[in-house]
Amino acid sequence: MINKLHMAMIELYHGDAKRIQHFCKVHSYAKLIAEMENVDAKTLFILETAALTHDIGIHLCEEKYGNCNGKLQEKEGPVIAEKLLSDFGFSGEVSERVQYLIAHHHTYNNIDGIDYQILVEADFLVNMCEDELSEEALQNAYRNIFRTETGKKICREMYDIA
């Protein structure tokens with residue numbers, strides 16, 4: 001089911017290699033962190049689904065608002081994800097949590113679950129590189145965002161943070 005969703009997301013983002021690369025990388029880091037942190041199978045399934053679809057509203061936001069900032073993605077993404085997940089036969093319970101994660105993946109306070117924490121960390125690992133953050137911004141993100149031991153280790157190794 002995850003691989004079919006992965007392929008559907010690649011098809012949905014047809015011609016947008018940068019965004020395809022982004023969600024593929026976020027998915028890879030999310031899966032790695034989750035497995036290293038020994039999350040249960042249900043949580044991993046929800047997390048992988050959310051990692052693949054977390055930016056699903058980005059094209060609509062660009063068309064509708066001429067902007068795809070995080071808050072707009074959080075607003076528009078869940079409805080698109082709901083339909084896609086329904087079409088693929090995802091359970092209501094999984095779909096609801098994935099929609100919640102999409103609706104909050106740029107909100108960094110009140111993180112209410114390991115799936116949410118890992119999604120934020122995985123997205124940050126990729127965005128920190130793609131956005132070419134300053135050394136100070138990297139340090140701030142490390143201190144303020146990362147909570148899992150695996151996420152912190154990847155961040156330290158990737159960005160040479162002491």
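Annotation: side chain of Glu93 is not in contact with side chain of Arg97 (no heavy-atom distance under 4.5 Å). Asp16 has its side chain within reach of His59: a pair of non-hydrogen atoms, C-beta onward, lies under 4.5 Å apart. Counting heavy atoms from C-beta on, the side chains of Leu5 and Leu85 come closer than 4.5 Å. Taking 4.5 Å as the limit, some side-chain heavy atom of Tyr13 sits within range of a side-chain heavy atom of Asp55. Side-chain contact between Tyr108 and Phe124: present, with at least one pair of heavy atoms (C-beta onward) separated by less than 4.5 Å. No side-chain heavy atom of Cys68 sits less than 4.5 Å from a side-chain heavy atom of Glu76. The side-chain heavy atoms of Ile102 and Ile80, taken from C-beta on, include no pair separated by under 4.5 Å. For the pair Val26/Leu119, a side-chain contact is recorded, criterion being any heavy-atom separation below 4.5 Å from C-beta on.
Rounding to the nearest 0.5 Å places CD1 of Ile33 at 9.5 Å from SG of Cys155. We find the CD1-CZ distance between Ile58 and Arg19 to be 3.5 Å, quoted to the nearest 0.5 Å. To the nearest 0.5 angstrom, Asp123 atom CG is 4.5 Å from Asn127 atom CG. Between the CD atom of Gln99 and the OG1 atom of Thr49 there is a distance of 12.0 Å, given to the nearest 0.5 Å. Between Leu138 atom CG and Arg156 atom CZ the span is 14.5 Å, to the nearest 0.5 Å. Here Leu84 contributes atom CG and Leu12 contributes atom CG; the two are 7.0 Å apart, rounded to the nearest 0.5 Å.
Counting non-hydrogen atoms of other residues, nucleotides and ligands closer than 6.0 Å to CE of Met7 gives a total of 12 or fewer. More than 12 heavy atoms of other shown residues, nucleotides or ligands fall within 6.0 angstrom of atom NZ in Lys71. For Asp40, the CG atom sits in a packed shell: over 12 heavy atoms of surrounding residues, nucleotides or ligands are nearer than 6.0 Å. Other residues, nucleotides and ligands place no more than 12 heavy atoms under 6.0 Å from the CE atom of Met36.
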**Asked** Taking it one step at a time, do Gln139 and Ser134 satisfy side-chain contact (heavy atoms from CB on, under 4.5 Å)?
**Response** CA-CA 9 Å; Gln139 294 281 347; Ser134 69; over 6 Å; no

**Message:** Applying side-chain contact (heavy atoms from CB on, under 4.5 Å) to Ile20 and His14, what does each step give before you reach the verdict?
**Reply:** CA-CA 8 Å; Ile20 293 169; His14 174 85; over 6 Å; no

**Test side-chain contact (heavy atoms from CB on, under 4.5 Å) applied to Asp112 and Gln117, step by step** = CA-CA 8 Å; Asp112 70 354; Gln117 180 63 44; over 6 Å; no

**Request:** Just do the side-chain contact (heavy atoms from CB on, under 4.5 Å) check on Ile118 and Thr43 with the steps written out, would you?
**Result:** CA-CA 11 Å; Ile118 293 171; Thr43 302; over 6 Å; no

**Asked** Given the rule in the side-chain hydrogen bond (donor to acceptor under 3.5 Å, both in side chains) test, do Glu82 and Ser95 qualify, once you have shown the distances and angles that lead to the verdict?
**Response** CA-CA 6 Å; Glu82 180 180 26; Ser95 180; 5.6 Å; no

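Taking hydrophobic clusters as Ile, Leu, Val, Met, Phe, Trp and Tyr residues chained together by side-chain heavy-atom distances below 4.5 Å, Leu101 does not share a cluster with Leu72. When hydrophobic clusters are built by joining Ile, Leu, Val, Met, Phe, Trp and Tyr residues whose side-chain heavy atoms come closer than 4.5 Å, directly or via intermediates, Leu60 is not grouped with Tyr65. In the hydrophobic clustering of ILVMFWY residues, with side-chain heavy atoms under 4.5 Å counting as a link, Met1 and Ile10 come out together.
For an aromatic pair to be called close, the ring centres must be under 6.0 Å apart, and Tyr116 with His105 fails this. Aromatic pair His54/His22: centroids less than 6.0 angstrom apart. In summary, the aromatic rings of Phe90 and Phe45 are positioned with their centroids under 6.0 Å apart. Taking the centre of each ring, His27 and Phe23 stay at or above the 6.0 Å mark.
The two residues Met9 and Leu52 come nearest to each other via the heavy atoms CE-O, 3.3 Å. Nearest heavy atoms, Asn109 versus Thr107: OD1-CG2, 3.3 Å. The minimum heavy-atom distance linking Cys129 with Tyr159 is given by the pair N-OH, 3.0 Å. The two residues Tyr29 and Ala122 have their closest heavy-atom pair at CB-CB, 3.8 Å. Heavy-atom minimum distance, Pro78 versus Gln73: CD-O, 4.1 Å. The two residues Leu47 and Ala34 make their nearest non-hydrogen contact at CD2-CB, 3.5 Å.
Within the 3.5 Å criterion, the main-chain N or O of Gly151 finds a donor-acceptor partner in the side chain of Thr148. Without hydrogens or angle criteria, Glu121 side chain to Ala30 main chain gives no donor-acceptor distance under 3.5 Å.
The pair Glu157-Lys153 counts as a salt bridge, with a side-chain nitrogen and a carboxylate oxygen less than 4.0 angstrom apart. Salt-bridge annotation for Glu130 and Lys25: present, with a side-chain N of the basic residue lying under 4.0 Å from a carboxylate O of the acidic one.
Considering Leu125, Val120, Ile154 as possible partners of Phe146, the one that fulfils the side chain to side chain contact (heavy atoms under 4.5 Å, CB included) test is Leu125.
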